[in-house]
2 protein chains.
Amino acid sequence: MSTKVKVYEEVLKQIQTLIYNKKLSPGDRLPSERELAEQLNAGRSSVREALRAIELLGLIETRRGEGTFLRTYRTYHLVELLASFILQEPKSKQEILLSKRILEKEAVKLAIQSMDQKNIEGLQTVLHQEQNQQQKHYAFFSIIFSLADNYLLQKIWEVMEQFSHTINEYDYNDEFYHKLLIIYKNQQLENIEDLFNNLSLN
Amino acid sequence: MSTKVKVYEEVLKQIQTLIYNKKLSPGDRLPSERELAEQLNAGRSSVREALRAIELLGLIETRRGEGTFLRTYRTYHLVELLASFILQEPKSKQEILLSKRILEKEAVKLAIQSMDQKNIEGLQTVLHQEQNQQQKHYAFFSIIFSLADNYLLQKIWEVMEQFSHTINEYDYNDEFYHKLLIIYKNQQLENIEDLFNNLSLN
DNA sequence: AATAGCTAGGTGGTCTGACCAATTAGGAAG
DNA sequence: CTTCCTAATTGGTCAGACCACCTAGCTATT
């Protein structure tokens with residue numbers, strides 16, 4: 001009949017509801033550890049255990065001397081955490097490349113609505129800058145993902161992009177980027193699928 | 001020149017390398033908190049903060065009186081916890097649902113080659129079983145992802161699927177599954193895009 | 001009066017010691 | 001040999017003590 005639930009888990013919940021009830025937003029400050037301990041009838045160490053756990057997930061940020069703050073939800077720290085975990089498991093290089101390509105394709109589609117003349121020029125600028133292919137590709141699609149306005153997809157893509165650097169296979173050529181720009185200029189949504197399907201899978 | 005790095009973060013790394021060096025497998029026992037504290041020249045509270053964080057990630061399990069044990073990785077805890085924080089932003093809900101749908105769509109495409117009569121029957125069986133919509137959807141697409149033969153995409157999708165459970169919006173209907181089966185029967189790859197595009201985004 | 005500098009209080013970071021609760025192993029009693 | 005109990009070990013929790021750091025506000029100097 002004793003409390004099977006650990007204190008730090010209970011504190012975890014309390015902090016959640018506290019955030020919800022007080023409608024705290026990213027950037028707002030939480031009560032100090034000592035205050036929380038007193039309010040929740042718990043020891044400071046238990047409160048800290050809960051806070052450290054939340055911190056590791058990237059949901060809060062602590063600044064010595066100042067306090068504990070809610071973080072921007074945008075960080076999506078979890079995505080990187082989970083993604084790197086998933087990607088470490090044995091898998092084929094082809095899976096990563098294929099998955100990455102799928103995300104890029106869909107981002108291209110999502111971005112087409114926001115793609116005006118100005119943005120297209122931005123893409124062209126990136127292509128003309130003197131960099132290696134990897135940097136160019138990353139910069140190019142970073143713009144596209146921003147316009148696609150889906151931060152989650154972008155984060156997943158970034159992790160894949162990083163992993164793909166360790167793979168020595170590059171299958172995009174200048175023609176690909178060129179064709180893509182034409183598609184954007186003419187707003188030919190229906191041609192995107194083919195563009196990506198015609199990429200060779202080495 | 002002081003140690004900017006927090007002790008518990010350092011302990012975290014040490015424990016990870018310890019697991020790696022000693023090749024500990026799920027089920028194996030870690031040194032006791034007091035032992036770790038002594039070995040790593042840290043206080044027991046710092047060790048505990050690290051352990052609690054790892055525990056929240058679902059990597060270890062602690063049993064009072066026995067010890068701390070490695071366990072097979074599960075994301076459930078994590079997802080539930082993160083959901084309550086992240087999903088407060090309406091935008092992120094839509095991002096997750098949209099991202100999930102993209103993965104499902106591409107999995108459907110990838111699976112079409114391996115989709116024979118037998119597999120189609122398997123899908124039908126799932127649909128006819130008495131379960132709630134969530135379970136049905138998960139089982140249905142689990143089959144598809146297996147046939148798509150991309151472990152990476154499947155893992156990412158599973159996480160998103162878990163997240164979506166915490167969102168009270170369901171936008172697939174029986175007609176969707178039915179149409180999908182017809183597409184598979186007739187191997188109409190070209191109709192998949194439209195099928196998904198016609199799903200309403202509530 | 002304006003500014004530079006210092007001080008006190010609050011905050012997170014860490015350690016130590018104490019005690020409780022659960023489990024286990026080993027010895028004592030039958 | 002079996003049963004039971006005790007002691008040791010381990011995680012769970014708390015309290016208190018410092019330290020490092022930041023900030024606001026006061027003080028003293030210009």
Side-chain angles (χ1 to χ4, degrees), chain A residues 1-16 18-19 22 24-72 75 77, chain B residues 1-16 18-19 22 24 26-71 74 77 81 85:
Chain A
M1 204 67 245
S2 63
T3 1
K4 289 281 183 180
V5 184
K6 298 173 190 170
V7 173
Y8 99 93
E9 288 177 341
E10 191 56 37
V11 172
L12 210 54
K13 283 186 188 173
Q14 293 297 326
I15 292 177
Q16 284 180 290
L18 183 145
I19 291 173
K22 294 204 172 183
L24 297 184
S25 307
D28 290 348
R29 186 170 163 277
L30 282 107
S32 74
E33 296 177 351
R34 291 171 177 85
E35 282 181 56
L36 282 174
E38 192 175 6
Q39 286 179 24
L40 305 178
N41 269 324
R44 195 181 153 210
S45 50
S46 292
V47 172
R48 278 187 63 82
E49 289 183 10
L51 287 177
R52 284 327 100 221
I54 300 179
E55 187 184 49
L56 186 67
L57 297 181
L59 299 174
I60 60 174
E61 179 185 4
T62 57
R63 296 199 283 271
R64 177 186 288 191
E66 298 182 61
T68 305
F69 301 84
L70 233 66
R71 251 183 150 183
T72 331
T75 54
H77 193 68
Chain B
M1 206 62 246
S2 63
T3 3
K4 288 281 183 180
V5 183
K6 299 173 190 170
V7 173
Y8 99 92
E9 289 175 341
E10 191 56 38
V11 172
L12 208 54
K13 283 186 190 172
Q14 293 296 327
I15 293 178
Q16 284 182 309
L18 182 144
I19 292 173
K22 294 206 172 182
L24 297 183
D28 289 348
R29 185 170 164 276
L30 288 142
S32 74
E33 296 178 352
R34 292 171 177 85
E35 281 181 57
L36 282 174
E38 191 176 6
Q39 286 179 24
L40 305 177
N41 267 324
R44 192 180 155 212
S45 52
S46 293
V47 172
R48 277 187 64 82
E49 288 183 11
L51 287 176
R52 292 297 76 74
I54 300 178
E55 187 183 50
L56 193 63
L57 292 180
L59 296 175
I60 59 173
E61 178 185 5
T62 57
R63 296 200 284 270
R64 178 185 290 190
E66 298 181 61
T68 305
F69 301 84
L70 233 65
R71 86 184 218 188
R74 289 277 174 275
H77 272 244
L81 182 70
F85 281 88

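Residue numbers start from 1 in every chain, and the chains themselves are labelled A, B, ... in the order their sequence lines are given, proteins ahead of strands.
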With sequence neighbours excluded, what pairs up with [X] under the side-chain contact (heavy atoms from CB on, under 4.5 Å) test?
X      : answer
E66(A) : R63(A), F69(A)
D28(B) : L24(B), S25(B)
I54(B) : L12(B), I15(B), L59(B), I60(B)
E35(A) : P31(A), S32(A), Q39(A)

Counterpart residues, salt bridge (Lys or Arg N to Asp or Glu O under 4.0 Å), relative to R29(B) (two or more places apart):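 For R29(B), no residue satisfies salt bridge (Lys or Arg N to Asp or Glu O under 4.0 Å) once neighbours in sequence are set aside.
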Send over the distance from L36(B) CG to dG12(D) P, rounded to a whole Å. 13 Å
Taking CZ from F69(B) and C1' from dT23(C), how many angstroms apart are they, rounded to a whole number? 10 Å
L56(B) vs L56(A) side-chain heavy atoms within contact, under 4.5 Å: no
Five pairs per end, C1' atoms only: what is the angle between the end axes of the helix from dA1(C)-dT30(D) to dG30(C)-dC1(D), to 10 degrees?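 Nearest ten degrees gives 20° for this helix.
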Taking only residues two or more places apart in sequence, or in another chain, which ones meet E33(A) in a side chain to side chain donor-acceptor pair (under 3.5 Å)? R44(A), R48(A), R52(A)
List the residues meeting side chain to side chain donor-acceptor pair (under 3.5 Å) with T68(B), not counting sequence neighbours, and say none if there are none. none
Quick tally for nucleotides 4-15 of chain C: nucleotides whose base has a protein heavy atom under 4.0 Å get B, sugar-phosphate-only ones S, the rest -, giving ------BBBBBB
